[in-house]
Every structure is written in structure tokens, then in C-alpha cells.
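Note sheet for the following structure.
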Amino acid sequence: MEILAAAGVKKLVDIRLWRVARFVPWASGASLSVAMGNIYRYMPELAPTKELLTAYKDGIVDWAGYEKVFNGLLAERQVEKLFTIDDLDRVCFLCSEKTADQCHRRLVAERFAQHFIDVKIIHL
């Protein structure tokens, strides 16, 4: 929570497919919702499908394939219509991966950066 405060985060958008964190109970959606209050929002429409995530984790789809399918999914869902430029001010997209290199949160952030001028991406 200190990292979010230090970064000046105004909105925490949970984009995980599943909000349950078995080994880290404080990271479960219900706990985050209570801890973060009105800045927390769950948006499964920014998550991968169960089929895509399973295919990637099982090694059926590599990262390049995952990116292609997920970016297509974001386009199909027209996710850029879910936010205004003001909504993106100091928003933090939450998922489960430690780094953004091979994580859908990076792809989501890049999608918004393609559609809105002056979006700056910072990975916490």
C-alpha cells in the first residue's frame, strides 16, 4: 500500500481473472476492496479469458501468441471506451505477475497509451 501512496495512485483497477489470492489473503478482491475503499475497482473485462490463460500456463501458447490473442481480445472488447483520459490519471492496474514483461497489465496499459495522448506508463 505504501508503494501506491508514494506513487500517488488515485485508482486501483484489479484486472485479474480471479480475485482470490490463496497464498496472500490480503490480495484477495474482498480484502482489497475494504482496504482501498473507493479507489478499488474490479474490471474482469481487462483480464484474459480462462482459456487463454490456461493455454499460456500449460505451454500450449507462447508469450508471442498470448500477446496476439490478448491484444485481439482488447480490441474486440473495445476497452478504450471504458475509460476517459481523466479516468487514467494515476490509475494502477493490478494483476498477479511480479514484473510487467510478460504480463497482461502491460498490454492493457499499452492499449490505453495507443488511444490516448499523454498517457505515461510507469511500472511499480
Side-chain angles (χ1 to χ4, degrees):
M1 307 297 177
E2 295 84 27
I3 293 171
L4 298 178
V9 170
K10 294 179 182 178
K11 297 172 204 83
L12 179 64
V13 179
D14 189 341
I15 63 172
R16 298 174 292 175
L17 183 59
W18 298 288
R19 298 186 317 159
V20 176
R22 245 182 358 180
F23 301 110
V24 190
W26 62 265
S28 291
S31 297
L32 280 174
S33 182
V34 170
M36 302 306 292
N38 63 354
I39 74 164
Y40 176 82
R41 184 173 173 198
Y42 178 53
M43 294 189 73
E45 54 269 52
L46 297 176
T49 62
K50 178 182 174 186
E51 295 77 18
L52 177 59
L53 188 58
T54 300
Y56 177 65
K57 289 188 180 263
D58 289 347
I60 297 166
V61 174
D62 65 4
W63 180 251
Y66 180 96
E67 273 192 46
K68 183 177 180 180
V69 172
F70 187 70
N71 282 327
L73 188 62
L74 293 176
E76 179 183 310
R77 291 176 178 171
Q78 299 181 341
V79 298
E80 60 279 356
K81 293 181 178 180
L82 300 173
F83 288 83
T84 66
I85 190 66
D86 291 336
D87 293 331
L88 294 172
D89 182 32
R90 303 220 179 248
V91 68
C92 179
F93 295 114
L94 171 71
C95 74
S96 311
E97 297 299 324
K98 207 173 208 175
T99 67
D101 298 338
Q102 292 185 331
C103 180
H104 76 287
R105 75 175 179 268
R106 176 180 60 84
L107 303 177
V108 168
E110 289 173 355
R111 176 88 184 172
F112 288 119
Q114 290 170 356
H115 288 277
F116 293 99
I117 298 171
D118 296 329
V119 168
K120 183 178 178 185
I121 300 171
I122 300 170
H123 298 287
L124 302 178

With rounding to the nearest 0.5 Å, note down the distance linking CG in Leu88 to NE2 in His115. 11.5 Å
In Å, rounded to the nearest 0.5 Å, how long is the span from CD of Gln102 to CG of Asp62? 9.0 Å
Can you give me the closest heavy-atom contact between Ile15 and Ala47, atom names plus distance? O-CB, 3.2 Å
The test is side chain to side chain contact (heavy atoms under 4.5 Å, CB included); show your working for Leu124 and Val9 and say whether it passes. CA-CA 10 Å; Leu124 302 178; Val9 170; 4.2 Å; yes
Do Leu73 and Leu46 share a hydrophobic cluster, counting only Ile, Leu, Val, Met, Phe, Trp and Tyr and linking them when any side-chain heavy atoms are less than 4.5 Å apart? yes
Worked check of side chain to side chain contact (heavy atoms under 4.5 Å, CB included) between Val61 and Val69: CA-CA 10 Å; Val61 174; Val69 172; 5.6 Å; no
Least distance between heavy atoms, Asp87 atom then Leu82 atom: OD2-O, 4.1 Å
Side-chain heavy atoms under 4.5 angstrom apart, residues restricted to Ile, Leu, Val, Met, Phe, Trp, Tyr: same cluster for Leu12 and Val108? no
Consider only side-chain heavy atoms of I, L, V, M, F, W and Y, link residues closer than 4.5 Å, and tell whether Ile39 and Phe83 are in one cluster. no
Which residue pairs pass the salt bridge (Lys or Arg N to Asp or Glu O under 4.0 Å) test with at least one member in residues 100-122, sequence neighbours excluded? Glu67-Arg106, Glu80-Arg111, Arg106-Glu110
Are the side chains of Ile85 and Ile117 in contact, using a 4.5 Å heavy-atom criterion? no
Main-chain N/O of Asp89 paired with Lys10 side-chain donor or acceptor, under 3.5 Å: no
Distance check, rounded to the nearest 0.5 Å: Glu45 atom CD versus Leu74 atom CG? 11.0 Å
Linking I/L/V/M/F/W/Y whenever any side-chain heavy atoms sit under 4.5 Å apart, do Leu94 and Val13 land together? no
So, Tyr66 side chain and Cys103 main chain: donor-acceptor pair closer than 3.5 Å or not? no
Nearest 0.5 Å, what's the CG-OG1 distance between Leu17 and Thr49? 7.5 Å
Determine whether the aromatic ring centres of residues Phe112 and Phe93 are separated by less than 6.0 angstrom. yes
Is the count of non-hydrogen atoms from other residues, nucleotides or ligands lying under 6.0 Å from Arg90 atom CZ greater than 12? no
Within this structure, what is the CG-CE distance for the pair Asp14 and Met43, rounded to the nearest 0.5 Å? 11.0 Å
What distance separates Leu53 CG from Arg16 CZ, expressed to the nearest 0.5 Å? 12.5 Å
